[in-house]
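Atoms within each ligand, like the ligands themselves, are counted from 1 in listed order. Only this structure's heavy atoms are used, side chains among them; waters, hydrogens and symmetry mates stay out.
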Amino acid sequence: MSSTSLRSTTVTADPLKSGALTPEVPNTAAPQPGAGATEPHLRLEALTRRFGAGAVLAADHVSLTLPKGALLALLGPSGCGKTTTLRMIAGLERPDSGRVVVAGRDVTALPPHRRNMGVVFQSYALFPHMTAAANAAFGLEMRGLNRAERQARAAEALAMVGLEALADRKPRAMSGGQQQRVALARALAIRPDLLLLDEPLSALDAKLRDSVRDEIRSLQQRLGTTAVFVTHDQAEALAMADLVGVMNAGRLEQLATPEEIFERPATRFVATFVGRATRFAGRVEPGGVFRASGGGALQVRADMPEGPAEAFLRPHRVVFVPPGAAAPGDALALEARVTRRTYTGEAVAIESETAAGPLHAEFPAHHAAASLRPGDMARLAVRPADLRVFPA
Ligand SMILES: Nc1ncnc2c1ncn2[C@@H]1O[C@H](COP(=O)(O)OP(=O)(O)OP(=O)(O)O)[C@@H](O)[C@H]1O
């Protein structure tokens, strides 16, 4: 495990010096916006958990900090360790090593019910024989609240999720979205220090998912509750979160704002897992020149080590050069033969073949490039500042 800190992935004023290169990414978060000098609300310190007699490293020195009131989405493919990390925060899983600190208090050794965290799971885990109100009140009794207080809190929580009218209904007489809102009410009724959500939308159909997603986000913001949300759905993570933590094989590869994750992925994995990208194989030559295997070279960053490399480019960063016009000064113009055009309403995706390899581009539907058709030739340009280059 490296102890070096993440290199800044901020694009410098000099476009020739852009491009991220992170040879060794420590499993530690970059500094976060808003965290400031104050104690973060949640701090994970090198949380590690193995399973199967040590064979599976489910969480590998996961470290991060989260400011109060922020929503963190843990994003990654199946089996990357998101749930294990969440369960360690909740106290449902003991870490082999590492610490969980909430508001400056080390809670690592505390059982779940002494952490004051509200947890919402994928399956709503409601008690079928109990009403919505009784389900929402579950968890309050063991916190020593009397009956009247419990009822008041449950009613308040059901009102928060807009279900006060259904307080006497049992789960089977409710829709999936309503049941998930009862589960959310139960988690909020304890007035948690931390709200933990494990794929809470995955059992809902696509339309409901969007509305429950918006409800969770606006409620979390309105209440100022700090939250950790586990998902494998990148659109969900980018749309909901203040910070996204991308996990891969037990490691936290990058922790940053959704924009930063999308525009400036810190690792190859993040560049390929989040969003679409064109991948150029090639090598970095002396002086930080990236040369694509198929041809074409761009000055990307002077301090990059030489050797085999891959460059990633987001589709919306491709520049269309109208016939007769000049490409932007520092850009590499490629002669592209359009192979496919896909209209998606707001945008048009243009697939093409170039000397540097296949290129995926995306333009707003009203853009001049949107009229390109398969078989057309076009000049498409790549600006060095838009390439993210990593050693292969
Ligand atoms: N109780 C357990 N016993 C053995 N192996 C486990 C256990 N829990 C998790 N694992 C393994 O640890 C790894 C991480 O699992 P985890 O559930 O945290 O991943 P995940 O990212 O949440 O995946 P998913 O999105 O599929 O839920 C996987 O390889 C998984 O098989």
### Task
Classify the angle between the aromatic ring planes of Phe390 and Phe312 as parallel (below 30°), tilted (30 to 60°) or perpendicular (above 60°).
tilted

### Task
Check if Pro77 has a non-hydrogen atom at a distance under 4.0 Å from any atom of ligand 1.
yes

### Task
For salt bridge (charged side-chain N to carboxylate O under 4.0 Å, His left out), just list the numbers for Arg383 and Asp386, CA-CA rounded to whole Å, side-chain angles, deciding distance to a tenth of an Å, and then say yes or no.
CA-CA 5 Å; Arg383 287 174 301 215; Asp386 296 330; 2.9 Å; yes

## Note on the structure
In this structure, atom 22 (O) of ligand 1 is nearest to the protein heavy atom Thr83 OG1, 2.7 Å

### Task
Could you give me the CA-CA distance, side-chain angles and deciding distance for Arg99 and Asp106, then say whether salt bridge (charged side-chain N to carboxylate O under 4.0 Å, His left out) is met?
CA-CA 7 Å; Arg99 298 202 313 155; Asp106 184 346; 3.0 Å; yes

### Task
Examine distances only and state if a side-chain atom of Glu45 and a backbone atom of Leu64 form a donor-acceptor pair shorter than 3.5 Å.
no

### Query
Can any side-chain N or O of Glu199 pair as donor or acceptor with the backbone N or O of Thr83 at less than 3.5 Å?
no

### Identity and distance of the protein heavy atom lying nearest atom 30 (C) of ligand 1
Val56 CG1, 4.8 Å

### Query
To which protein heavy atom is atom 12 (O) of ligand 1 closest, and what is the distance rounded to 0.1 Å?
Ala58 CB, 3.3 Å

### Message
Tell me whether ligand 1 is touched by Cys80 - counting only heavy atoms on the residue side and a distance under 4.0 Å.
### Response
yes

### Query
At a non-hydrogen distance cut-off of under 4.0 Å, which region of Thr84 contacts ligand 1 (side chain, backbone, both, or neither)?
both

### Query
Among protein heavy atoms, which sits nearest to atom 25 (O) of ligand 1, and what does the distance come to when rounded to 0.1 Å?
Lys82 NZ, 2.9 Å

### Query
What protein heavy atom is closest to atom 26 (O) of ligand 1, reported as residue, atom name and distance in Å?
Ser78 OG, 2.6 Å

### Side-chain donor/acceptor of Thr339 to backbone N/O of Glu351, under 3.5 Å
yes

### Task
If you have a sec, work out which protein heavy atom is nearest atom 6 (C) of ligand 1 and how many Å separate them, to one decimal?
Phe51 CD1, 3.2 Å

#### Entry: Contact check: Gly52 vs ligand 1, nitrogen or oxygen atoms, below 3.5 angstrom
no

### Any donor-acceptor pair under 3.5 Å from Gln180 side chain to Pro200 backbone
yes

### Query
In this structure, are over 12 heavy atoms from other groups packed under 6.0 Å from Gln221 atom CD?
yes

## Note on the structure
atom 14 (C) of ligand 1 sits nearest the protein heavy atom Gly79 O, 3.4 Å

